[in-house]
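Take a look at the structure set out below.
Within every chain, numbering begins at 1; the chains are lettered A, B, ... in the order of the sequence lines, protein sequences first and strands thereafter. Since this is a predicted model, take the numbers as computed values, not measurements. Scope of the values below: all heavy atoms of this structure, side chains included, with no hydrogens, waters or symmetry mates.
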Amino acid sequence: MAFSDLLQFLFAGLTSGAIYALIALGFCVVHNTMGFVNFVQVDFVSLGGMLLYSALFALGLAMPLALPAAIVGVTVAAMLVERLGLRPARSDHPLVLIFLTIGLSIMLRGLMALKWGKNRMAVPPLSGDEPLRLFGAALLPQTLWVLTLTAVAIVTLLWFYRRTRLGLAMRAVAANPTAAAVVGLPVGRVKMLTFGLAGALGGLAGVLVTPITTLRYDVGVLLGLKGFAAAILGGFGSLPGAVLGGIGLGVLETLSAGYVSSAYKDVCAFVVLLLVLFIRPQGLLGK
Amino acid sequence: MTRRERFLYFFYLHRTGLTVSALTLALAVYPPLWGNPYLLGVTNQIALYAIVVLGLNLFIGYAGQISLGHAAFFALGAYGSALLSGEAGVTPWLALALAVLAASGVALLVGIPTLRLHGHYLAMATLGFNLVVYLVLMQWDKMTGGPSGYAGIQPLALGDFAFASDLRLHYLVWGVALLCLTLALNLVRSGVGRGLAAVAGDEVAAAACGVDTRAAKVKVFVLSAAFAALAGGLYAHGFGFVSPETFGIFASVDFVAMVVVGGLGSVWGSLFGVALLTCLPEWIDRFESYKEIVHGAILVGVLMFLPQGLVTGLVDLARVRLARWKARHA
């Protein structure tokens with residue numbers, strides 16, 4: 001097998017890996033502050049693509065405006081989901097909360113199907129589709145966009161957690177919600193903003209991935225589950241783990257599609273995930 | 001004790017057995033009186049799902065674990081039994097038994113390493129297992145028929161009496177479902193069941209009290225997988241056709257939703273959760289485009305206002321009302 005093929009597989013793997021990493025980060029951000037898996041994350045991805053589509057074609061915005069508009073839209077939607085769908089819940093049993101998010105996710109998907117229909121749609125890439133040549137492998141501009149914007153998002157997220165007051169507040173709520181409330185932090189609002197942050201990450205993943213896949217109201221489901229798998233692989237709750245897990249899962253998937261069997265690429269990815277969990281039950285970087 | 005008190009005490013003492021008997025009687029007489037093929041089709045489906053969900057509730061509700069992969073065992077039972085009887089020429093009953101045994105064996109192999117995991121990791125591992133089984137069913141089309149499914153499965157039969165019509169199937173599947181119900185009701189009140197409840201409460205404390213927590217978890221996992229596989233086998237022979245769509249991760253999620261809506265750790269609640277979530281798509285079909293929204297809204301509504309489950313929640317609510325009423329009129 002030639003070197004250029006390997007390089008091509010690696011590019012593809014890194015692209016999908018970056019998307020999984022963004023989604024995984026969204027899962028981790030919510031889990032760290034609120035302590036449960038938020039399956040609505042899956043639909044934030046589809047919603048990002050949908051809003052990008054509407055901003056481009058219904059509002060007629062240019063790409064540099066439409067992209068942030070879509071992400072802001074998902075952020076607001078995520079905050080509404082937390083405020084209206086999760087905060088009124090009367091239980092703190094994790095399983096009940098997880099299923100509450102699954103119910104909300106079904107509702108959101110229904111709303112999206114109602115608004116945008118169930119047909120496949122196409123979103124244009126961020127800029128051009130003329131591939132660049134690199135050591136015999138083709139590199140699409142969208143791949144560069146995915147990698148760059150993901151890297152920017154990760155760095156911003158780390159900076160946000162380490163250096164801003166809101167990030168500090170989120171870490172405080174994550175460490176001990178009661179103590180955080182005692183020292184005067186508005187825990188409810190911090191949780192809502194955490195959801196917004198997760199929504200922004202999911203929305204970014206959505207606007208980046210839908211030009212590569214296609215856009216449909218349920219496009220986020222499989223992507224989102226792989227993002228969850230990536231978060232678990234890296235160690236649930238660990239941000240570097242989420243990035244490592246995402247990239248690892250993406251590369252594993254394309255390599256097994258390329259060298260083993262494209263029909264069984266997901267089987268390979270999940271079998272490796274299971275094996276890793278059997279050997280390291282807490283994930284790669286989990287505590 | 002007066003005669004009336006003795007009578008009431010007898011009822012109270014045997015409430016579970018009497019309820020099961022009443023349910024059995026109702027199910028035995030209902031088809032000839034009201035049964036039409038459509039209704040029987042729905043109730044047969046309820047019986048099959050009830051078998052899966054009863055087992056799953058033992059694992060999730062009583063033992064406090066999580067599985068998002070029980071549709072995989074449902075699939076192993078269905079495809080195992082279908083392929084053994086269709087391709088290997090085994091008689092349907094034997095095929096069903098072998099498929100349940102094989103699925104239990106798989107559950108044991110998967111369960112031993114997987115049940116070391118907790119919480120979200122366990123959810124992901126079981127979900128991953130379900131995805132692997134589903135993808136293999138989809139891709140291995142020489143054997144399983146791939147996405148278009150596997151048809152022409154022989155019905156189960158006693159001599160010339162084949163369980164092929166909805167009516168005959170009704171008695172078969174509900175008979176098995178009631179056996180499983182009785183088994184589950186007895187299990188949770190035995191020492192083993194108390195041990196499982198202890199594991200759910202606090203694993204370390206349970207171990208300190210002498211419960212072999214690892215063995216207890218693996219055992220109940222294998223039991224619930226066997227229930228699921230049994231339901232799968234009955235499904236395959238009952239309907240004569242299986243396709244991977246029935247066994248995807250959404251099916252697993254639906255099973256757990258039935259457990260949660262019915263009430264974690266409530267055996268009777270499981271039956272109710274299954275009945276509600278199976279009938280729901282039939283009722284809300286007329287809202288075609290709002291179907292998913294309504295489905296989601298019901299799940300959200302139940303979990304938001306009655307997080308302990310519909311049956312347990314309503315019973316609690318009634319008890320509180322009654323106590324308040326008594327206090328006011330005392």
Seminar exercise, completed: Counting heavy-atom pairs under 4.5 Å with chain B, the top scorer among A/V267, A/V271, A/L86 is A/V267
For this session: Sort B/I293 into side chain, backbone, both or neither according to what part of it lies under 4.5 angstrom from a heavy atom of chain A.
Result: both
For this session: Look at B/H295, B/R116, B/H118, B/Q139 and state which one has the largest set of heavy-atom pairs under 4.5 Å with chain A.
Result: B/Q139
For this session: Rounded to the nearest 0.5 Å, what's the gap from CG on A/D266 to CE on B/M138? Could you check?
Result: 11.0 Å
For this session: Name the region of B/I249, side chain, backbone, both or neither, that has any atom closer than 4.5 Å to a heavy atom of chain A.
Result: side chain
Problem set entry | Atom group of A/L114 that falls short of 4.5 Å from chain B, counting heavy atoms | side chain
Exercise. So which part of B/Y134 gets closer than 4.5 Å to some heavy atom of chain A, the side chain, the backbone, both or neither?
Worked result: neither
For this session: First locate atom CG of B/L135, then atom NZ of A/K265, and finally report the distance between them rounded to the nearest 0.5 Å.
Result: 10.0 Å
Exercise. Who wins among A/V96, A/I232, A/L233, A/T101 for the most heavy-atom pairs under 4.5 Å with chain B?
Worked result: A/I232
Exercise. Of the options B/D254, B/V253, B/V256, which is the one that meets A/I102 in a side-chain contact (heavy atoms from CB on, under 4.5 Å)?
Worked result: B/V253
Problem set entry | Side chain / backbone / both / neither for B/L264 at chain A, heavy atoms under 4.5 Å | side chain
Seminar exercise, completed: Note: A/A89 and B/M304 closest approach over all heavy atoms is CA-CG, 3.9 Å
Seminar exercise, completed: Of the listed B/V261, B/L299, B/V110, the one with the largest count of heavy-atom pairs under 4.5 Å with chain A is B/L299
Seminar exercise, completed: So, the part of B/V300 with a heavy atom under 4.5 Å from chain A: the answer is both
For this session: Measure A/L108 against the heavy atoms of chain B and call it side chain, backbone, both or neither at under 4.5 Å.
Result: neither
Exercise. Is chain A contacted by the side chain of B/L68, its backbone, both, or neither, given a heavy-atom distance below 4.5 Å?
Worked result: side chain
For this session: Tell me, for B/L127 versus chain A, whether the close heavy atoms (under 4.5 Å) come from the side chain, the backbone, both or neither.
Result: side chain
For this session: For residues A/F270 and B/G128, report the shortest heavy-atom separation together with the two atoms involved.
Result: CD2-CA, 4.0 Å
For this session: Determine whether more than 12 heavy atoms belonging to other residues, nucleotides or ligands lie under 6.0 Å from atom CZ of B/R214.
Result: no
Problem set entry | Gap between atom CG of A/L273 and atom OH of B/Y121 - 0.5 Å precision | 11.0 Å
Problem set entry | Among B/G119, B/A123, B/A297, residue most engaged with chain A (heavy-atom pairs, under 4.5 Å) | B/A297
For this session: Side-chain contact test, heavy atoms from C-beta onward, threshold under 4.5 Å: evaluate it for B/H120 versus A/F27 and give yes or no.
Result: no
Exercise. Would you find more than 12 non-hydrogen atoms of other residues, nucleotides or ligands less than 6.0 Å from A/R189 atom CZ?
Worked result: no
Seminar exercise, completed: Applying a strict 4.5 Å limit to non-hydrogen atoms, the region of A/A263 in contact with chain B is both
Problem set entry | Inter-residue atom distance A/F99.CZ - B/L303.CG, 0.5 Å rounding | 8.5 Å
Problem set entry | B/L306, part contacting chain A, at a heavy-atom distance under 4.5 Å | neither
Exercise. Distance from A/L274 atom CG to B/T114 atom OG1, nearest 0.5 Å?
Worked result: 6.5 Å
Exercise. So with a 6.0 Å cut-off around CG of A/D92, is the heavy-atom count from everything else above 12?
Worked result: no
Exercise. When rounded to the nearest 0.5 angstrom, what distance separates CD in B/E292 from CG in A/L111?
Worked result: 10.0 Å
